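A short worksheet on the structure shown next.
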Amino acid sequence: MPADAIRNPLSAITAQQPFLIVDGALATELERAGFDLNDSLWSARVLADEPQAIVDVHRAYFEAGADVATTASYQATLEGLMARSLSETQASALIQRSVTLAAQARSEYLAAHPERLDCPPLVAASVGPYGAYLADGSEYRGGYALDRAGLRDFHRARLATLLDARPDVLAVETLPCAEEAQAVCDLLRDDFPTARAWIAFSARNATELSDGTPIREAVRAISDCEQVVAIGVNCTALEHIESLVREIRGETDKDIVIYPNSGEVYDPVTKTWSAACAVSVDSDGDGSDHDHDLAGWTPRWLAAGATAIGGCCRTGPDDIRALADLRKALG
């Protein structure tokens with residue numbers, strides 16, 4: 001394996017492909033399978049009750065063409081699980097199960113696809129923001145009561161727990177504010193120097209994080225953290241992504257990972273989705289319009305500087321399959 005692939009787990013794939021494909025929404029697929037996730041633990045509920053369902057979703061994304069499985073740990077925290085009468089040991093084991101289930105799905109996929117053994121898919125341990133633990137929608141607005149030191153304390157134990165399960169990379173995602181990203185970088189430098197992570201922000205428009213901080217400012221604050229191998233955006237409207245990628249690329253030469261929502265609009269109060277007005281884009285310059293889908297926008301995102309693309313809320317294996325088909329067409 002090249003030296004840079006050891007430093008950056010993503011580069012083993014990006015060196016061989018036009019872009020790396022991240023998977024789509026885990027919770028969306030679990031809901032489609034009949035699971036009720038209207039709960040403060042969200043998809044983490046299924047870790048305990050129906051672990052095979054999580055393996056099945058990861059496997060479906062691998063079969064669709066995903067290079068990365070993001071684990072079912074976004075909303076799984078020691079504090080949240082222990083509030084459900086689990087001991088700390090039980091809570092830690094459940095969080096680590098999210099990594100082992102993704103690894104199991106990868107092993108099953110590789111057994112059926114030995115041609116991928118020389119460049120296997122990755123397991124990214126999902127680390128949701130403090131707001132996801134609060135389950136009050138604050139991951140979409142920021143404004144936490146905790147300061148940077150408090151955020152470090154909140155994330156420390158979960159990072160340690162996930163890293164003990166040996167994922168390939170941490171997916172620190174949906175961060176609404178720069179201070180939380182800086183807190184995570186503090187931990188990576190001081191407590192987990194051999195870990196590798198990507199940090200993905202949530203954004204409210206084409207230039208600002210959910211709390212209003214300019215994304216350039218947020219990227220500048222963490223771009224010198226060697227443990228962060230990619231910076232990007234997730235859980236954000238499709239139409240903002242191209243501008244956000246250009247803003248990020250203006251501040252860093254790291255990989256840029258993006259996985260936006262499907263185009264529907266989420267109400268964090270009612271926890272429901274509604275259809276948005278369609279946004280069309282002439283992504284390939286041929287004068288034709290494309291529906292608001294990931295593959296339709298991808299050529300523009302790549303031109304702006306993105307190197308890893310996937311889907312967040314309300315996306316599924318069909319979206320990832322379309323990305324894989326596009327990547328084959330690009331050669």
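In this text, all values refer to a predicted model and were calculated from it rather than measured experimentally. Note that these values count all heavy atoms, side chains included, but never hydrogens, waters or copies made by symmetry.
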Can you name the nearest heavy-atom pair linking [X] to [Y], along with the distance?
X    : Y    : answer
C312 : N261 : CB-OD1, 3.3 Å
L326 : A295 : CD2-O, 3.7 Å
P129 : P176 : CB-CD, 4.1 Å
A218 : L209 : CB-CD1, 3.7 Å
Q90  : L86  : OE1-CA, 3.5 Å
C225 : K254 : O-NZ, 3.2 Å

Non-hydrogen side-chain atoms of [X] and [Y] separated by less than 4.5 Å:
X    : Y    : result
Y130 : L146 : yes
V68  : L20  : yes
R249 : T307 : yes
C313 : C235 : yes
M82  : E88  : yes
V184 : L170 : no

Got a second to check how far [X]'s [atom1] is from [Y]'s [atom2], nearest 0.5 Å?
X    : Y    : atom1 : atom2 : result
I199 : C185 : CD1   : SG    : 4.0 Å
L47  : L94  : CG    : CG    : 5.0 Å
E242 : E247 : CD    : CD    : 11.5 Å
I215 : L244 : CD1   : CG    : 5.0 Å
E173 : Y259 : CD    : OH    : 3.5 Å
D211 : Y140 : CG    : OH    : 15.0 Å

Donor-acceptor pair, side chain of [X] and main chain of [Y], under 3.5 angstrom:
X    : Y    : answer
S98  : A72  : no
D67  : I21  : yes
S11  : N8   : yes
D49  : V46  : no
Q227 : P193 : yes
R106 : P121 : yes
D23  : T70  : yes
R158 : G128 : yes

Tested for side chain to side chain contact (heavy atoms under 4.5 Å, CB included) against I258, the lone hit among I241, N234, V22, L238 is I241

Pair [X] + [Y], salt bridge at N-O below 4.0 Å:
X    : Y    : answer
D224 : R189 : yes
R59  : D56  : no
D153 : R148 : no
R32  : E29  : yes
D136 : R141 : yes
D147 : R152 : no
D190 : R156 : no

Does a side chain donor of either [X] or [Y] reach within less than 3.5 Å of an acceptor in the other side chain?
X    : Y    : result
T71  : S73  : yes
Y144 : E179 : no
D186 : Q182 : no
S262 : T315 : no
T161 : Q96  : no

Count the heavy atoms of every other residue, nucleotide or ligand shown that sit under 6.0 Å from CD of E79, and state whether that count exceeds 12.
-> yes

So with a 6.0 Å cut-off around CZ of R116, is the heavy-atom count from everything else above 12? yes

Notebook entry, point to check: What do the steps show when you test S202 against T174 for side chain to side chain donor-acceptor pair (under 3.5 Å), and what is the final call?
Noted result: CA-CA 5 Å; S202 65; T174 328; over 6 Å; no

Taken in chain and number order and not counting sequence neighbours, the residues that satisfy ring-ring contact (aromatic ring centres under 6.0 Å, His included) with F62 are Y109

In short, salt bridge (charged side-chain N to carboxylate O under 4.0 Å, His left out) pairs touching residues 118-132 with sequence neighbours left out are none

Residues at least two apart in sequence or cross-chain that pass side-chain hydrogen bond (donor to acceptor under 3.5 Å, both in side chains) with E108, listed by chain then number, are Q104

- Query: Is there a chain of hydrophobic side chains (I, L, V, M, F, W, Y, each step under 4.5 Å between heavy atoms) that links Y61 to L110?
  - Reply: no

